[in-house]
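The structure under discussion appears below in the form of structure tokens.
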Amino acid sequence: MAPAVPTTMDRPHFIGIGGAGMSGIAKILAQRGAAVAGSDAKESATAGALRELGATVHIGHAAGHLAEDASCVVVSSAIRADNPELAAAAERGIPVVHRSDALARLMDGLRPIAVAGTHGKTTTTSMLAVSLGALGLDPSYAIGGDLDGPGSNARHGGGEIFVAEADESDRSFHKYAPEVAIILNVELDHHANYASMDEIYESFETFVGRIRQGGTLVVSADQAGARELTARVSGRHDIEIVTYGEAEDADVRVLKVTPRGLASEVTVLLNGKMLTFAVSVPGRHYALNAVAALAAGVALGIPAHNLASALGKYTGVKRRLQLKGEANGVQVIDSYAHHPTEMTADLEAIRGAAAGSRVLVVFQPHLFSRTQELGTEMGQSLALADGSVVLDIYPAREDPIPGITSALIIDAAGKAGADVRAEHDMAAVPDVIAGMARPGDLVLTMGAGDVTDLGPKILARLEN
């Protein structure tokens with residue numbers, strides 16, 4: 001079993017402790033008994049949840065926040081070199097540990113499942129965490145989103161399985177050595193770090209090369225990039241490769257996905273036997289995520305029928321088609337989708353569940369580099385909605401790129417036949433949606449930035 005706290009990480013300081021990935025590692029270390037401290041740019045419910053575990057959380061970044069006895073400083077790729085706490089660590093000779101290295105150390109001595117892919121990682125990791133917990137296996141997990149409340153993105157469990165989301169964006173998933181790896185899809189994204197699909201394939205090949213001898217790769221048989229990757233790594237004979245999907249040559253073949261309102265039912269052929277189970281979230285893509293989770297669990301020796309039943313316990317993760325509420329007959333749903341493939345999948349899922357109702361979208365583009373490369377495709381995805389409001393680009397860690405604005409998306413959406421308008425003032429959005437929506441409509445707040453904050457405000461405005 002894993003040690004209580006990895007060496008040098010008994011008094012860690014996290015820069016950006018409130019982030020999805022960072023907060024999960026901090027939570028697990030706190031639960032293992034480490035004296036956790038850190039800082040974040042702003043107050044949040046996640047910061048409060050960490051304090052309840054005994055962590056010290058400072059708001060704002062300052063050299064004085066770094067304790068004299070800090071054993072290491074944990075950073076993500078989003079932390080800039082001029083951060084005052086990072087500079088103080090360098091001056092004092094305190095070891096700096098990347099988030100991925102810290103997570104890798106937490107998996108030592110356990111049986112890791114690492115979930116990778118351009119889309120669907122958080123959902124699939126969450127499905128595994130919930131279903132393994134429902135089976136009494138008490139897994140540890142680290143997820144890029146909250147299951148049911150602030151701080152629920154990670155847990156130190158007493159079992160031997162550790163489920164982790166494996167992030168390809170900065171190649172940090174090369175640090176992990178999983179017993180089972182899932183690759184859901186392989187597409188070009190994170191344009192600041194990858195210049196071509198060849199670089200993407202090389203990165204995923206490196207990840208596959210990290211699978212432990214005798215381990216298993218679970219990979220999509222449907223998605224073109226995943227199939228190409230499978231062909232590239234097929235010469236590795238010290239691991240088992242299990243494909244899943246609707247393709248006729250899939251090892252775990254999906255025979256049918258039946259929509260059930262905001263849920264679905266999936267039938268698979270596994271080891272020559274048919275198995276049908278419920279998935280409590282809408283959309284074919286989520287049903288396929290559940291099948292990937294099923295195949296991974298089976299690779300660890302968990303009986304398929306037990307795991308299939310437990311997967312029905314999963315009811316969603318925050319921001320992944322999460323129902324925020326209903327007011328005056330209008331449902332408001334939150335979607336994390338920010339890549340065209342994700343946007344299309346979520347809009348098709350909602351279309352399937354809408355039963356003829358109108359679908360309205362409030363979309364916030366995420367990153368200037370992604371908009372520059374994929375803005376046209378984002379606009380085309382919005383043509384699946386009955387009406388869209390597009391906000392300014394959420395910059396996250398990036399500086400602006402001259403000439404790249406939301407207008408790129410809006411122009412493409414208009415050419416694709418979408419009913420779309422720009423809105424530069426987020427505070428005006430609830431009034432805009434109240435003027436557009438009518439009873440029976442579904443409203444999606446969509447994007448990876450702070451567009452999620454609009455859901456409750458739209459509901460409050462609709463109430464009035």
Side-chain angles (χ1 to χ4, degrees), residues 1-62 64-76 78-79 85 89 94-110 112 122 125-126 128-130 132-134 136-165 167 317-319:
M1 297 300 292
V5 178
T7 307
T8 76
M9 295 181 67
D10 57 337
R11 298 181 310 283
H13 179 92
F14 288 77
I15 304 177
I17 197 170
M22 296 283 273
S23 63
I25 298 167
K27 179 177 181 180
I28 292 172
L29 282 169
Q31 290 175 328
R32 289 190 182 184
V36 173
S39 62
D40 206 37
K42 61 182 180 181
E43 188 61 70
S44 65
T46 299
L50 287 167
R51 290 191 188 102
E52 290 180 8
L53 289 171
T56 300
V57 181
H58 304 279
I59 302 303
H61 298 296
H65 292 162
L66 184 59
E68 291 295 328
D69 64 345
S71 59
C72 70
V73 169
V74 184
V75 298
S76 70
I79 303 303
E85 294 164 27
I94 299 173
V96 176
V97 179
H98 190 271
R99 174 184 65 83
S100 57
D101 290 302
L103 181 55
R105 293 182 194 180
L106 294 180
M107 298 183 200
D108 286 345
L110 298 174
T122 297
T125 310
S126 303
L128 277 163
V130 170
L132 295 175
L137 296 173
D138 198 17
S140 297
Y141 56 83
I143 307 170
D146 286 332
L147 289 172
D148 51 19
S152 63
N153 57 329
R155 181 177 182 274
H156 168 57
E160 62 180 357
I161 300 173
F162 195 120
V163 188
E165 191 169 327
D167 183 14
V317 63
K318 287 181 178 291
R319 306 235 48 216

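Because the structure is predicted, anything quoted here is derived from the model rather than measured.
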Going from [atom1] on [X] to [atom2] on [Y], what distance comes out if it is rounded to the nearest 0.5 angstrom?
X      : Y      : atom1 : atom2 : value
Thr125 : Tyr141 : OG1   : OH    : 11.5 Å
Met107 : Ile28  : CE    : CD1   : 8.5 Å
Asp138 : Glu160 : CG    : CD    : 11.5 Å
Ile17  : Met22  : CD1   : CE    : 7.5 Å

For the backbone of [Y] and the side chain of [X], can you confirm whether one donor and one acceptor N or O come within less than 3.5 Å of each other?
X      : Y      : value
Glu85  : Ala62  : yes
Arg155 : Ala129 : no
Ser140 : Gly157 : yes
His58  : Gly64  : no
Ser71  : Arg11  : yes

For [X] versus [Y], what's the shortest heavy-atom pair and its separation?
X      : Y      : answer
Ala89  : Val96  : CB-CG2, 4.3 Å
Ala154 : Lys27  : O-NZ, 3.0 Å
Leu66  : Ala70  : CD1-CB, 3.8 Å
Gly19  : Asp40  : N-OD1, 4.5 Å
Pro12  : Leu29  : CG-CD1, 4.0 Å
Ile143 : Glu165 : C-OE1, 3.7 Å

Do NZ/NE/NH1/NH2 and the carboxylate oxygens of Arg51 and Glu43 come within less than 4.0 Å?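 Yes.
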Can you tell if the side chain of [X] reaches within under 4.5 Å of the side chain of [Y], non-hydrogen atoms only?
X      : Y      : value
Asp101 : Val74  : no
Leu132 : Ile161 : yes
Ile94  : His13  : no

Quick one about Asn153 and Ser23 (side-chain donor to acceptor, distance below 3.5 Å, no hydrogens or angles considered), yes or no?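 On atom types as modelled, these side chains qualify, holding a pair under 3.5 Å.
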